[in-house]
Every structure is written in structure tokens, then in C-alpha cells.
Amino acid sequence: MKRRPLALASIIGAAALVVSACGGGTEGGAASGGGAAEQELTLATMALDTTPQAYAARWFFDELETRTDGRVVVDQTGPEEVCKAAEIAECVRDGRADIGISVADYTAQLFPGEVIVSVPFLSNSSQQAVMNALWQTHKQHEGSQAKWDEIGLTPVAHWPAGRLTLGSKDEIRNVNDINGMKWRVSGPYLVKAFEQVNGNPVSMPSSETYEALQRQVAEAAAFAIDGAVDYKLVEILPEWTDPGVGHYNTFGMWINSDVLDGFSEEDRAIYDELVEEFNAGKGMELFAEGASEQCQFMLDHNNVSKFNRWDDADTEEWSNKVLDGLVEEWIAEAEKNGLTDARSYYETYKELVQDVTQEDLDKDPVIACVNEFYDQGRNER
């Protein structure tokens, strides 16, 4: 599909009146033919084009244009083309962009509820279970809705970037193997989880991890599978494992609420229906499609020795050391950041995220990939 030039930020009032929050105009709006005005929304994203996050989002934007017969289109700009990753939420709030995709942790003060995924071991479930739990908890929790109203954004969806994997030069089988090593880690709660088992976390942008490993600023990496594949960390780190931490961060997609209010009644109904479909399963179905080549990349790479998983007892040992304390820290921080009754949010989310079948778990891209390594006899110990 042809990408459209940067243009309209919002439409206010009748079809003939077009107002751009970004300072541009529209092409072929209501004045040209008397039909419904076309809304061109500017995307600000941090998702690399090759990642499953971008793959799923592209479907959403293309489907929105198709279902509205071209009345609503999204200029699908490149990663950090409009705003840097840590600024994307503010860019959407102030009108430099209309819709954004970034990691919730970068602006945790804006998204205190969604940051719950960053608590290690709490979201040791399927991607779909996490995505649905966040969406349903938001819809049930008045405090979450009030917080979103306060910041002037409306959530489209939040989904985990993927289960945490550990990459290193030597096999990492339990917390004892983490002890004393310098780990590239992101996210405040995950950093604390590593510190509590005597790991030495080193924070850096994803794009700088490869060089940091080369220079031995870090010795190993805690990453979603994107790290191994898209950032080519497998070239340096041959040993990979799923420690059972589960999902540890979330990508968010949100739209400026004023922009959304400018949708016609018909287009708003189409948008709402698409959002429900995306959250109910389509989003993670697309994510899995986008991630399908990642596992094959791992299987084919001649520097990958193993991609295995920890024994349940070893995962439980780490979880028992950190989970309860980190949950309490999240509750306190979420309340401080304006999420009223954060404990009830946690209770609702916890119940929903654990409502998962083994079939759904087996569809998770990382779980499925580790299973494939075992099936092919690649994980002998």
C-alpha cells in the first residue's frame, strides 16, 4: 500500500472544516468532492520494521483504512522518524503525532497500569493472555480509565514484546550462573530482580547492546528474542535460555483522544470494532506470524549452541526471592503515578493473566521455538 505524506492531526466539526495539529493540510478532503473528509494520522513509532510489533501494527493501520473506505489513513513513518522512543507518548499528547507506539516503561508515569507487565514472573503466561488481561483490566477498572482521561490519550492496545530470554557465552541454568556477571537489562523491576540474585545490571539502549558486548561493557544480555535476531546478538552469544521470567515489558499503541473524538460516528464504530478484534486475539496472531522467521533464524545460525529453558524448580527459586516484594513496589509506584486503587488493578490483572490454556502457551513464539530446539535434539545437556 502506498504510504501517504505527513498530514492531518485531527478533524473538528463538519466535514468541510479540517484542522491540522501538526501544521499540514490534507489532500482530497471534503472540499474536493462533498464526501466525508479524509483523516490522515501521523504515526510515531519505535518499532523496527522487521519486528513482530511492526508487523501487527501495519495490519491494524491497513485494516483501518480498508474498513473506512480510505476515510481514515495512517502515515506509517519509520522508527523514531518523528520522535525518539522515550518522547513518543509526549509527541502524541502535544500533537506532533496522532498515534504512537513505544514501550510503556519509557514513560511509566503516564502508563502506571500497563507497566505491571514489567514485574518479573507475574506475567509468565501466553502473549495473548497478557494482552487480553491488560485490555480487560482497563475496561473494568475505573482508576485506569480516569488516568487515561487525565493524560489525554486513548489506548488502542498493549502487548508484550516477548518472553524474556537470556543470552550468554556460557550456559545459564539457574540463579547461581547469573551471580557476578554484567548483564544488559532493561526495566526497573527486572533490574532489581537481577540485583537480588547478585547479577550486575548494565542499562543501555537496545541498539548499543552489540557494541557493549564486544567491548565487554556487558557480558550477557536479558532480552526478548528480538535481541538475538534483529540486533544479531547471536553472533556474540551462543547460549540462549528461557528462565521462566515470562513477559517483562509491554509495547503500547495509543491515539490522541482529541483526534479520536474527531472521527465520524460511522468511523468511530468501525475503529472500536477493530480495536476489540485486535485485542481479542488478532493482534497476537499477527505477532506470531511476524515472529515465525525468528525461530528459524535461531535454528539456522551456526553460532547458536542451545535455546533451552530452566527447570521449574530453578525458576521458582528466583521467583520466590523477588516477586512479592516487586509487586508491592509496583503498587506503591502506580499509586504515586496516579492509578487509583492500584491493588485492585493488580488483583484483576493477576486473575485474568493466569487464565490461559496449555494450547495458548504452546503458541507463544518463544515457547514454541524452545520446543523446536528440544524436538531437534539441539538442547542436550
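Keep in mind it's a predicted model, so treat the numbers as computed, not measured.
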* Y231 and Y210 aromatic centres sub-6.0 Å -> no

* Check: F121 ring centre within less than 6.0 Å of W318 ring centre -> yes

Indicate the ring-plane relationship of [X] and [Y], choosing parallel, tilted or perpendicular according to the 30° and 60° boundaries.
| X | Y | answer |
| --- | --- | --- |
| F111 | W148 | tilted |
| Y271 | F60 | perpendicular |
| Y349 | Y345 | parallel |

Distance-only polar pair, side chains of [X] and [Y], donor-acceptor under 3.5 Å:
| X | Y | value |
| --- | --- | --- |
| N308 | R173 | no |
| N371 | R309 | yes |
| D362 | Q358 | yes |
| D230 | T50 | yes |
| Q296 | D300 | yes |
| S344 | H141 | yes |
| Q39 | D98 | no |

* **Sidechain-backbone polar pair: K147 side chain, N337 backbone, donor-acceptor under 3.5 Å** => yes

Heavy-atom neighbours of [X] [atom1] exceed 12 at 6.0 Å:
| X | atom1 | answer |
| --- | --- | --- |
| E351 | CD | no |
| Y106 | OH | no |
| D312 | CG | no |

* Asked: Is R184 close enough and on-axis enough to F223, meaning under 6.0 Å and within 45°, for cation-pi?
  -> yes

* Electrostatic pair E333:K336 at N-O distance under 4.0 angstrom -> yes

* **Co-members of the apolar cluster containing V217 [side chain, <4.5 Å]** => V202, M204

